[in-house]
Novice: 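A single structure is presented below for examination.
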Amino acid sequence: MREAMHGSAIPHPFADGGYKKLLIGGEAVDALSGQRFESRNPATGQRLATVAEGAAEDIDRAVAAARAAFEGPWSRFKPFDRQRVLLTLAELVDRHFDELSTLDTLDMGAPISRTRAGRQRIVGLLRYYAGLATSIHGETIPNSAPGDHLSFTLKEPVGVVGAIIPWNAPLSSSVWKIGPILATGCTLVLKPAEQAPLTALRLGELALEAGVPAGVVNIVPGLGGVAGAALAAHPGVDKIAFTGSHTTGQAIVRASAGNLKRLSLELGGKSPNIVFADADLDSAVPASAMAVFANSGQVCSAGTRLFVERTIYDRFVAEVAAFGAALRIGDGMDPETQLGPLVSQQQLERVIRYLDIGTQEGARRLGGEGRLTQGALADGYFVAPTVFADVDDGMRIAKEEIFGPVISAIPFDDMDDLVRRANATPFGLGAGLWTRDIGKAHRLAGAVRAGSVWINSYQTMDPAVPFGGYKMSGYGKESGTQHVDEYLNTKAVWIRI
Ligand code: ADP
C-alpha cells in the first residue's frame, strides 16, 4: 500500500504510528514469531500502527491464559461482581468514546458522524449485559419419574470462547462479544480483522482497567487464515462466535468439527427492501438509499435488493440515485463526510468488479462513476454510490453480496410473486417494508424469511432486541436475552429425595 501523500497526520494516542502488541493474560506481548503487520487509514494510506501478528502459537498461549482465568480468579466472580465490572467498562467506554470512535474511523474509514452516533447503543449494550449478569438462572422443573426426585437446571458458562470479528464496525462488534462473555462468566480470545485491529486492542486495555482479571479478555490480531483458523480449530476452545462472510463462516464450521465446539455465526446477506406505492416516499427515498450506502455499503444487513412497486418504480429509483449522488464523500475524519472509503484495495477491487458485472449483465446504471480519484480521494479507496435499475432476479448483482455502495433495484407488480422473489435467496438477515397499509405490513412481516424485519424504517437496533440471521445468514442471536443463552450450557440436576 502507498504511503500517505495528502492530509496531515491525525494525532491519536492509539494510532500514532507506533507498535501495538498482542494482549494475552493481561500483558502486552510480542507475537512469538516476531512478525508484525501494518494498519493503515483507508482514506489516506497513512500508517496508523505496526501490530504484532499473532499466529497459531500465540493463539495457544491466549487459549491457555483464557482457560486459566476461567478456572481461576474469574470463576470466583459472583453475578454482582461481573455486573460491576461491566458497568465500570461501560463507564470507561463512555468516557473514552470520542477516542474509540475516532479509532474506528481512522482504522476502517467510516465517517466520524457515523462512528460517534453509536455512543448510546454501544454504551447501552454494556449496561444491558450488566443487567443480564444478575438475571441468569435455571429452573425448578416438576417431573413424573418413578419415586421422589427433585429436578432443576443450572446455567453454566460454556467456557473459553473464540471470537472472530470483521472490520466494518470494530467497536460495536467487539462490544457485542465482550458484553455477553463478561455477563455469563466465560473468557475470551478475540481475533479482530487484520484490516482494522486497533479498536479491539484498546478495548482490551479498558477491560483490564475496569477490573476484568488478567486472561479473561485476550486480544490477538493476526491473519484470518492463520490466527483465525487456529482459533476456530483449537481443541481448547469451547465455542466460536463469528461475524463475517458466509464463506469464512463455512470454513469455521468445518474447522470447528474437531471438538464439535459450539458456534454462533452472524454472516452476510442480500436483504430485500420493499417499497409499495402507498408508502411515505419522502421517508422511503433517503432511508432506502442509506439502507445500502451507509458505511459505504459495508453492512451485513444492507437492503441491497430494492424491490419497488412498478407504478412508482422509475421515479423512486431516480430519486434514490439522486440522493446517492448528493452524498458527501471523503475522509471520514471530516465531520461533513457522509460516506468514507472502502476498507481496502481488495474490497475496492471487489466492488469495481461487481460494477462491471452489473453493466455486462445489462442493468441500467444510474450515476455512480465507479472509483473516485479527484484530489485527495486518490489516496484512498473511494467509490461513488451506484444504483443499478431494471435488475433481473437472475443477475449476479441481484444474488451475490457485494459489500459496497451498490443498489440493485427490481420492479414488482404482484404481492404473492413478490414474497416468493424476496425469499428466493440463500440469505435471510434483514428485510425492509415501506407501506401505510398495516395489513400488508403484517402479512409480509410474517412471510419474509429473515431475522429482522423493519417496517417504515431500516436497520434500527437496540441492545434488548435480538439480531441474527435465517438460512445462510447464520444462526444464533446477538442482543436480547437469547444472546446470553448462546454462551451458556444448561445442566440438569436430579436429587432423589
Ligand atoms: P471479509 O471477506 O469481509 O474480510 P471475512 O469473513 O473473511 O470477511 O473476515 C471476517 C473475520 O474472519 C476476520 O477477522 C478474518 O481475519 C477472519 N477470517 C478470515 N478467514 C478465516 C478463516 N479461514 N478462519 C477463521 N477466521 C478467518
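Scope of the values below: all heavy atoms of this structure, side chains included, with no hydrogens, waters or symmetry mates. Numbering starts at 1 and runs along the sequence shown. Whatever order the structure lists ligands and atoms in, that order sets their numbers, starting from 1. Being a predicted model, the structure only gives us computed values, none of them experimental.
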Novice: Give me the residue, atom name and distance of the protein heavy atom closest to atom 18 (N) of ligand 1.
Specialist: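 Result: Gly224 CA, 3.3 Å.
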
Novice: What protein heavy atom sits nearest atom 14 (O) of ligand 1, and how far off is it?
Specialist: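 That would be Ile165 O, 2.7 Å.
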
Novice: Any chance the side chains of Thr50 and Lys20 put a donor and an acceptor closer than 3.5 Å?
Specialist: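 There is no such pair between these side chains.
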
Novice: If you have a sec, work out which protein heavy atom is nearest atom 25 (C) of ligand 1 and how many Å separate them, to one decimal?
Specialist: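 For atom 25 (C) of ligand 1, the nearest protein heavy atom comes out as Gly228 C, 3.2 Å.
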
Novice: Please check if any side-chain donor atom of Thr105 sits under 3.5 Å from a side-chain acceptor atom of Thr102, or the reverse.
Specialist: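 Their side chains do not contain a donor-acceptor pair, so the 3.5 Å distance test is not met.
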
Novice: Any side-chain donor-acceptor pair under 3.5 Å between His234 and Asn259?
Specialist: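 Distance-only check fails for His234 and Asn259.
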
Novice: Atom 2 (O) of ligand 1: which protein heavy atom is closest, and how many Å away?
Specialist: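 Checked against all protein heavy atoms, atom 2 (O) of ligand 1 sits closest to Ser245 OG, 4.2 Å.
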
Novice: Regarding Ser479 and Trp176, is there a side-chain donor-to-acceptor distance under 3.5 Å anywhere?
Specialist: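 Trp176 and Ser479 do have a side-chain donor-acceptor pair below 3.5 Å.
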
Novice: What is the nearest protein non-hydrogen atom to atom 1 (P) of ligand 1, stated with its residue, atom name and distance?
Specialist: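 In this structure, atom 1 (P) of ligand 1 has Trp167 NE1, 3.9 Å as its nearest protein heavy atom.
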
Novice: Provide the number and element of each atom of ligand 1 under 4.0 Å from a heavy atom of Ile164.
Specialist: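 Answer, ordered by atom number: 11 (C), 12 (O), 14 (O), 17 (C), 25 (C), 26 (N).
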
Novice: Could you list which atoms of ligand 1 come closer than 4.0 Å to a heavy atom of Ala229?
Specialist: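 Contacts of ligand 1 toward Ala229, numbered from 1: 24 (N), 25 (C).
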
Novice: Does some non-hydrogen atom of the protein lie less than 4.0 angstrom from atom 9 (O) of ligand 1?
Specialist: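 Under the 4.0 Å cut-off, atom 9 (O) of ligand 1 has no protein heavy-atom neighbours at all.
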
Novice: Any donor-acceptor pair under 3.5 Å linking the side-chain atoms of Asp379 with those of Thr44?
Specialist: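 Per modelled atom types, Thr44 and Asp379 side chains form no pair under 3.5 Å.
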
Novice: Report the nearest protein non-hydrogen atom to atom 16 (O) of ligand 1: residue, atom name, distance rounded to 0.1 Å.
Specialist: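 Scanning the protein heavy atoms, the shortest distance from atom 16 (O) of ligand 1 goes to Glu194 OE1, 2.6 Å.
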
Novice: Does a side-chain N-to-carboxylate-O contact under 4.0 Å join Arg61 and Asp58?
Specialist: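 Salt bridge: yes.
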
Novice: Using a 4.0 Å cutoff against the non-hydrogen atoms of Gly244, which atoms of ligand 1 qualify?
Specialist: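 Those qualifying, in numeric order: 6 (O).
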
Novice: With a distance cut-off below 6.0 Å to the six-membered ring centre and an angular limit of 45° from the axis, does Arg36 pair with Tyr19 as a cation-pi contact?
Specialist: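 Positive - Arg36 is close enough to the ring of Tyr19 and near enough to its axis.
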
Novice: With the threshold set at under 4.0 angstrom, would you say Phe403 reaches ligand 1 through any of its heavy atoms?
Specialist: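 No, Phe403 has no heavy atom closer than 4.0 Å to ligand 1.
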
Novice: Can you tell me the protein heavy atom closest to atom 20 (N) of ligand 1 and the distance?
Specialist: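 Answer, as residue, atom name and distance: Thr248 CG2, 3.5 Å.
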
Novice: Is it possible for you to check whether Arg67 lies under 6.0 Å from the centre of the six-membered ring of Trp74, through NZ or CZ, and within 45° of that ring's axis?
Specialist: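 Not satisfied by the 6.0 Å and 45° rule.
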
